[in-house]
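I have placed the structure first, in the form of structure tokens, so that the comments after it can refer back to it.
Note that the coordinates shown come from a computational prediction; the quantities given were computed from them, not determined experimentally. Counting begins at 1 with the first residue of the sequence.
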Amino acid sequence: MKIKKIETAFSDDRGTIADIFYKANIEHVAIIKTLDKGRIVRGNHYHKLTTQHIFMTKGFLKYWYREQDKNAPVLVVDVPEGHIVSTPPLEIHALECLGESEFIVFSTGLRGGNDYEADTFRVDPILR
């Protein structure tokens, strides 16, 4: 897991430009929106081949993660608006959204269209 704030790369009197990726091989992009229904949990899985980058555009989420070793501790980081968290292959992860949120998921590997579930492996929940 890696988290970083997306910084402004260019600014003038018209506004700003922030690079989310530069020279990256992105194969799939999805927008996920959660409704304001309190606590919503997504994930509780891992990917063998896919790397995901979750960019928060609205609200925030708690990103829970753990190595595949069942004795490894479950860790959590806050991902506020304007930040991106990257999920490497084989990392178990779950997303906890509190209230309305929106994020864009950039993926490399089998993660879009007919392949959406091809590289998703469910696990006993690390977050319920």
Side-chain angles (χ1 to χ4, degrees):
M1 183 281 311
K2 177 181 172 185
I3 184 170
K4 71 175 184 175
K5 182 173 184 349
I6 301 299
E7 301 291 344
T8 299
F10 177 83
S11 180
D12 66 14
D13 61 347
R14 299 169 294 171
T16 62
I17 297 173
D19 294 332
I20 298 173
F21 293 102
Y22 178 65
K23 296 185 179 181
N25 182 20
I26 302 298
E27 298 175 54
H28 177 255
V29 179
I31 297 174
I32 297 176
K33 297 179 182 184
T34 63
L35 302 175
D36 189 5
K37 293 188 173 189
R39 180 176 179 265
I40 295 174
V41 175
R42 302 183 63 89
N44 283 312
H45 61 245
Y46 69 93
H47 311 286
K48 288 184 180 179
L49 303 172
T50 302
T51 297
Q52 289 183 311
H53 309 278
I54 300 165
F55 177 60
M56 291 303 300
T57 57
K58 181 178 182 179
F60 79 95
L61 63 82
K62 290 185 174 290
Y63 177 89
W64 299 81
Y65 64 103
R66 160 184 118 206
E67 295 176 15
Q68 288 192 13
D69 177 358
K70 291 189 179 202
N71 295 320
V74 176
L75 304 171
V76 62
V77 294
D78 288 339
V79 185
E81 195 171 299
H83 286 69
I84 193 165
V85 61
S86 297
T87 302
L90 304 177
E91 180 175 271
I92 297 169
H93 56 281
L95 312 177
E96 180 181 22
C97 303
L98 302 171
E100 187 177 359
S101 64
E102 180 179 284
F103 47 96
I104 302 172
V105 181
F106 301 87
S107 303
T108 58
L110 296 173
R111 195 61 181 139
N114 292 335
D115 293 323
Y116 188 76
E117 292 292 321
D119 190 35
T120 299
F121 299 89
R122 309 284 177 209
V123 296
D124 290 335
I126 61 171
L127 178 64
R128 294 186 187 275

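- For Arg14, the CZ atom is loosely surrounded, since the number of other residues' heavy atoms within 6.0 Å does not exceed 12.
- Atom CD of Glu27 has more than 12 heavy atoms from other residues, nucleotides or ligands within 6.0 Å.
- Among Gln52, Arg42, Met1, Arg66, the single residue meeting the side chain to side chain contact (heavy atoms under 4.5 Å, CB included) criterion with His93 is Gln52.
- Exactly one residue among Ile20, Ile104, Val79 makes a side chain to side chain contact (heavy atoms under 4.5 Å, CB included) with Ile84. That residue is Ile20.
- Asp124 CG: 12 or fewer foreign heavy atoms inside a 6.0 Å radius.
- Nearest approach of Pro125 to Asn44, heavy atoms of both residues: CA-OD1, 3.4 Å.
- The shortest heavy-atom contact between Phe60 and Glu81 is CB-N, 4.5 Å.
- Tracing side-chain contacts under 4.5 Å through hydrophobic residues (I, L, V, M, F, W, Y), one never reaches Ile3 starting from Leu127; they form parts of separate clusters.
- Here His47 contributes atom NE2 and Leu90 contributes atom CG; the two are 10.5 Å apart, rounded to the nearest 0.5 Å.
- Closest approach of Gly99 to Asp36, counting heavy atoms only: CA-OD1, 3.4 Å.
- Grouping the Ile, Leu, Val, Met, Phe, Trp and Tyr side chains by contacts below 4.5 angstrom, directly or via other members, places Tyr63 with Leu75.
- In this structure, the separation between OH on Tyr46 and OG1 on Thr120 is 10.5 Å, given to the nearest 0.5 Å.
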| request: Evaluate the side-chain contact (heavy atoms from CB on, under 4.5 Å) criterion for residues Ile92 and Glu67: first the C-alpha distance (whole Å), next the side-chain angles of each, then the deciding distance (0.1 Å), finally the verdict. | output: CA-CA 6 Å; Ile92 297 169; Glu67 295 176 15; over 6 Å; no

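- Atoms CG and CG, on Asp119 and Leu110 in that order, are 5.5 Å from each other to the nearest 0.5 Å.
- Here Ile6 contributes atom CD1 and Thr57 contributes atom OG1; the two are 12.0 Å apart, rounded to the nearest 0.5 Å.
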| Please walk me through it: do Trp64 and Val41 pass side-chain contact (heavy atoms from CB on, under 4.5 Å)? | CA-CA 10 Å; Trp64 299 81; Val41 175; over 6 Å; no

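- Relative ring orientation between His53 and Phe21 is described as perpendicular, the plane-to-plane angle rising above 60° on a 0-90° scale split at 30° and 60°.
- With rounding to the nearest 0.5 Å, the separation of OG1 in Thr8 from CD1 in Ile17 is 10.0 Å.
- The two residues Val76 and Tyr65 make their nearest non-hydrogen contact at N-CE2, 4.2 Å.
- Environment of NZ in Lys4: sparse, with no more than 12 heavy atoms of neighbouring residues, nucleotides or ligands closer than 6.0 Å.
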| task | Would you sort out whether Val123 and Phe121 count as a side-chain contact (heavy atoms from CB on, under 4.5 Å), showing the intermediate values? | result | CA-CA 7 Å; Val123 296; Phe121 299 89; 5.7 Å; no

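- Here the side chain of Glu100 pairs no donor or acceptor atom with the backbone of Leu35 at under 3.5 angstrom.
- Counting all heavy atoms, side chain and backbone alike, Ser107 lies closest to Thr50 at CB-CG2, 4.0 Å.
- The line from CD1 of Ile31 to NZ of Lys58 is 12.5 Å long, rounded to the nearest 0.5 Å.
- With a 4.5 Å cut-off on side-chain heavy atoms, Thr87 and Thr51 do not count as touching.
- By the criterion of side-chain heavy atoms lying less than 4.5 angstrom apart, applied directly or through intervening Ile, Leu, Val, Met, Phe, Trp or Tyr residues, Phe55 is not grouped with Val105; the two fall into different hydrophobic clusters.
- Heavy-atom contacts from other residues, nucleotides or ligands closer than 6.0 Å to CG of Asn114 number 12 or fewer.
- Side-chain contact between Leu61 and Thr34 is absent, with no heavy atoms from C-beta onward closer than 4.5 Å.
- Scanning all heavy atoms of the two residues, the minimum distance from Met56 to Ser101 falls at CE-CB, 4.1 Å.
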